[in-house]
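Chain naming here is simple, since letters A, B, ... match the order of the sequence lines and numbering starts at 1 in each. Heavy atoms only: backbone and side chains are in, while hydrogens, waters and symmetry mates are out. It should be emphasised that the depicted structure is a prediction, and the values quoted were computed from it without experimental measurement.
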Amino acid sequence: MSLTTKQKEVIVYVLAAILMVIRVDWWWWGHKIYPLVFGWLSIPMIYQILVWLAGWLLVAYVVYKVWPRENETE
Amino acid sequence: MNEIVTILGIIAAYTLLVLFIGLYSYRYSKPTMEDYHMASREFSFLVLFCAIFGTNISAVALIGGPGKAYHVGWIVWAYFVTSWGWLSPLLFYTVGHKAWPIAKKFGLMTISDLLYKRWDSRFLSYLASAFLIFYTLPYVMTGVIGGGRTFQALTHGFIPYWVGALIVTFVVCLYVAFGGMRGTAWTNTLQTFVFLIGGIVMFFLVAEALGGFSKATQLIAEKYPHLLSREKFPMRLFFSYGIIVSLAVPMFPQVYIRLLTGRHPRELKKTILIYPLAAMIIWFIVAYIGMWGHLAFPGLAGAASDKILPMLIAKYTPVWATGLLGAAIFAALMSSLDAQLLTMGTMLIKDFFLGARKKAVPEKTDISFSRFLVIVLAFVAFGAALIKPKAIITIIEWSFGGYACMIIPVLACLYWKRANKYGAICSILASQFVLIAIPLGALPRQISFGMLPGVPALIVGTLVLLIVTYLTPAPEENLNKNFFSL
């Protein structure tokens with residue numbers, strides 16, 4: 001089953017909304033944390049990097065799979 | 001004295017190069033308004049990306065960013081990058097892929113142009129422009145103020161504030177007036193490379209001087225654990241700012257206009273794809289430099305931390321690096337200032353003068369008038385930068401929420417056929433009222449639930465749009481047909 005552009009857009013925006021909520025990692029917020037990876041990056045830092053990465057993947061999905069082909073013509 | 005001469009030499013060489021590029025672009029100009037204000041919509045990917053990204057990143061990133069990270073830690077990069085870094089590019093798609101073909105077909109330039117074309121309401125168009133100009137003008141002033149302060153700081157007062165502000169105003173004004181959109185975009189391309197590469201070089205120099213990434217962060221964990229735990233950073237602010245800044249950026253008039261200047265949607269596609277990476281690079285750098293700065297200069301209070309980056313560079317790096325830092329700061333500063341200045345001119349002439357004018361005038365006259373407006377605006381900004389009115393800081397505090405609320409009528413305009421001008425007008429008025437009334441105390445702060453006033457303003461604006469639209473007649477069929485005919 002192939003999704004329509006509208007359906008894909010809805011999925012992207014729902015995932016974007018979820019990402020905007022879970023980017024606030026309240027379960028770690030304000031807790032003492034220590035750099036673990038390379039003596040530099042901590043778990044919350046890596047979590048935030050993953051959120052950014054997920055957001056970037058959404059952008060890539062839009063670019064390659066959602067952006068309507070008809071707009072490609074001038 | 002030798003040190004100042006070297007720093008000034010690097011900054012002067014950089015400034016002259018920017019000026020040369022801006023003025024050189026004049027050779028490629030055509031005598032049309034479309035070319036002066038939109039560069040004939042012919043930008044390819046690299047120029048388009050730099051025009052949008054360079055415009056978006058102001059000196060605030062290189063000065064205010066490290067300053068904030070000094071007080072609250074690494075979370076500063078996540079504050080921006082895990083929301084704005086990807087959500088704004090996503091919204092560039094939402095707005096840009098719909099607006100680009102419509103704007104190209106009808107020759108539209110500004111947000112108000114788009115709203116007018118959709119609903120044929122001059123009042124709505126004026127209202128939207130008035131708010132956008134209200135929020136953008138203070139930014140032009142802060143750009144000039146930033147230029148004056150940077151010159152003063154980097155030369156240890158050798159160049160006084162007013163002279164620095166005048167130099168920045170003069171240089172930017174000159175290439176914007178002559179080069180128009182092409183001039184600003186070409187210079188933004190150089191400027192974006194300078195502040196990105198300059199930022200990366202500074203990152204490694206400072207990290208090296210403080211003993212490396214690992215040692216510096218371990219010392220922070222031992223001496224200043226609050227910078228890692230984020231306990232001094234309100235969670236609700238983190239949440240709400242992410243929403244507000246992400247929705248605001250596509251509605252920055254200077255960013256919106258640039259979304260329409262690609263020669264093909266393909267160029268915008270590539271731009272939004274690379275945007276999150278560039279956003280990550282610049283904010284990652286400034287956040288860690290600011291946080292590590294605590295080790296070298298502990299105890300800076302309030303806005304004193306805004307100088308942390310120049311202080312670190314001056315202490316730990318050779319003098320050429322200070323010159324490079326100066327060039328990077330000026331690159332970030334001028335790439336926003338030029339775009340804001342040009343866009344202010346575009347909005348004034350396109351949304352107000354041309355809209356109200358009854359008889360036709362040769363296009364060359366309009367271009368000359370556009371140039372005149374840019375010069376006048378630049379020197380108004382310079383004058384204000386000398387006076388430094390306190391009100392501009394207040395307006396800037398409101399501005400992100402104000403821009404964000406403008407996305408409601410714009411999305412309705414592009415996506416909702418039933419939406420009408422009454423809903424759009426009432427939505428703008430209601431959301432802007434809530435946004436301004438909360439900080440002024442006319443509405444209780446509690447309705448924000450600890451978040452930025454922009455959040456309740458967005459909710460009210462959306463509800464008002466829905467309610468008023470359904471209570472009033474649908475737009476005329478021929479207006480919709482014309483607008484959505486692509």
Side-chain angles (χ1 to χ4, degrees), chain A residues 5-74, chain B residues 74-75 77-79 81-94 97-98 100-101 104 207 212-218 220-222 225-226 228-236 238-239 242-243 246 263-266 268-277 279-280 284 288 486:
Chain A
T5 300
K6 240 190 188 117
Q7 288 168 328
K8 287 177 189 170
E9 282 181 334
V10 170
I11 292 170
V12 166
Y13 294 132
V14 168
L15 288 175
I18 293 170
L19 213 47
M20 286 300 286
V21 173
I22 64 165
R23 74 184 266 270
V24 189
D25 51 337
W26 60 88
W27 50 93
W28 283 317
W29 205 278
H31 292 195
K32 270 198 167 177
I33 58 165
Y34 297 95
L36 290 176
V37 183
F38 311 125
W40 177 31
L41 298 170
S42 63
I43 298 296
M45 285 179 200
I46 293 168
Y47 178 80
Q48 290 294 332
I49 291 173
L50 291 175
V51 169
W52 164 76
L53 199 59
W56 194 9
L57 286 174
L58 274 185
V59 173
Y61 180 72
V62 164
V63 166
Y64 290 113
K65 300 286 180 188
V66 181
W67 199 307
R69 286 269 164 203
E70 57 268 23
N71 274 359
E72 287 286 312
T73 52
E74 274 182 283
Chain B
W74 67 274
I75 193 63
W77 71 255
Y79 189 46
V81 174
T82 61
S83 54
W84 155 81
W86 59 270
L87 187 53
S88 284
L90 204 60
L91 292 166
F92 291 167
Y93 158 78
T94 312
H97 94 277
K98 279 273 186 188
W100 184 89
K104 188 170 171 78
F213 305 142
S214 174
K215 192 182 170 195
T217 312
Q218 295 286 352
I220 289 287
E222 287 165 24
H226 67 278
L228 296 180
S229 68
R230 305 169 288 176
E231 64 201 59
K232 289 194 174 176
F233 202 93
M235 208 178 343
R236 288 179 190 187
F238 182 78
F239 173 69
I243 296 170
S246 304
R263 67 176 166 208
H264 197 279
R266 204 185 302 123
L268 190 56
K269 276 187 181 182
K270 292 179 198 163
T271 296
I272 73 165
L273 192 58
I274 201 169
Y275 208 91
L277 180 64
M280 179 57 128
F284 204 76
Y288 282 99
L486 291 159

Would you name the heavy atoms of Val62(A) and Leu90(B) that are closest together and state the gap between them?
CG2-CD1, 3.5 Å

Please check if the number of heavy atoms outside Lys215(B) that lie under 6.0 Å from its NZ is greater than 12.
no

Any chance you could lay out the side-chain contact (heavy atoms from CB on, under 4.5 Å) test for Met45(A) and Leu228(B), step after step, and finish with the verdict?
CA-CA 9 Å; Met45(A) 285 179 200; Leu228(B) 296 180; 3.7 Å; yes

Heavy-atom pairs under 4.5 Å with chain B, option from Leu50(A), Leu53(A), Asp25(A), Leu57(A) with the top count
Asp25(A)

Any side-chain heavy-atom pair from Tyr47(A) and Thr82(B) closer than 4.5 angstrom?
no

Expected output: side-chain Trp52(A) to main-chain Pro276(B) donor-acceptor under 3.5 Å:
yes

I'd like to verify something: which residue of Met235(B), Glu231(B), Lys232(B) has the highest number of heavy-atom pairs under 4.5 Å with chain A?
Met235(B)

Pick whichever of Val59(A), Leu41(A), Ile49(A) has the most heavy-atom pairs under 4.5 Å with chain B.
Val59(A)

Could you pull out all donor-acceptor pairs under 3.5 Å where a side-chain atom in residues 15-22 of chain A meets a protein atom, sequence neighbours excluded?
none

Out of curiosity, Trp29(A) CH2 to Ser229(B) OG, how far, rounded to the nearest 0.5 Å?
10.0 Å

Taking every heavy-atom pair that is under 4.5 Å apart, which of Ala221(B), Ser83(B), Ala78(B) has the most such pairs with chain A?
Ser83(B)

Between Tyr275(B) and chain A, which part of the residue has a heavy atom less than 4.5 Å away: side chain, backbone, both or neither?
neither

Nearest atoms (heavy-atom pairs only) where Trp56(A) meets Leu273(B):
NE1-O, 2.7 Å

Could you pull out the closest heavy-atom pair between Arg23(A) and Phe238(B), with the gap in Å?
NH1-O, 3.0 Å

Are the aromatic rings of Tyr288(B) and Trp40(A) close, with centres under 6.0 Å apart?
yes

Which pair of heavy atoms, one from Val51(A) and one from Trp86(B), lies closest together, and at what distance?
O-NE1, 4.3 Å

In terms of heavy-atom pairs under 4.5 Å with chain A, the winner among Val81(B), Ile220(B), Leu87(B), Ile243(B) is Val81(B)

Could you go step by step and tell me if Tyr93(B) and Val12(A) meet the side-chain contact (heavy atoms from CB on, under 4.5 Å) rule?
CA-CA 12 Å; Tyr93(B) 158 78; Val12(A) 166; over 6 Å; no

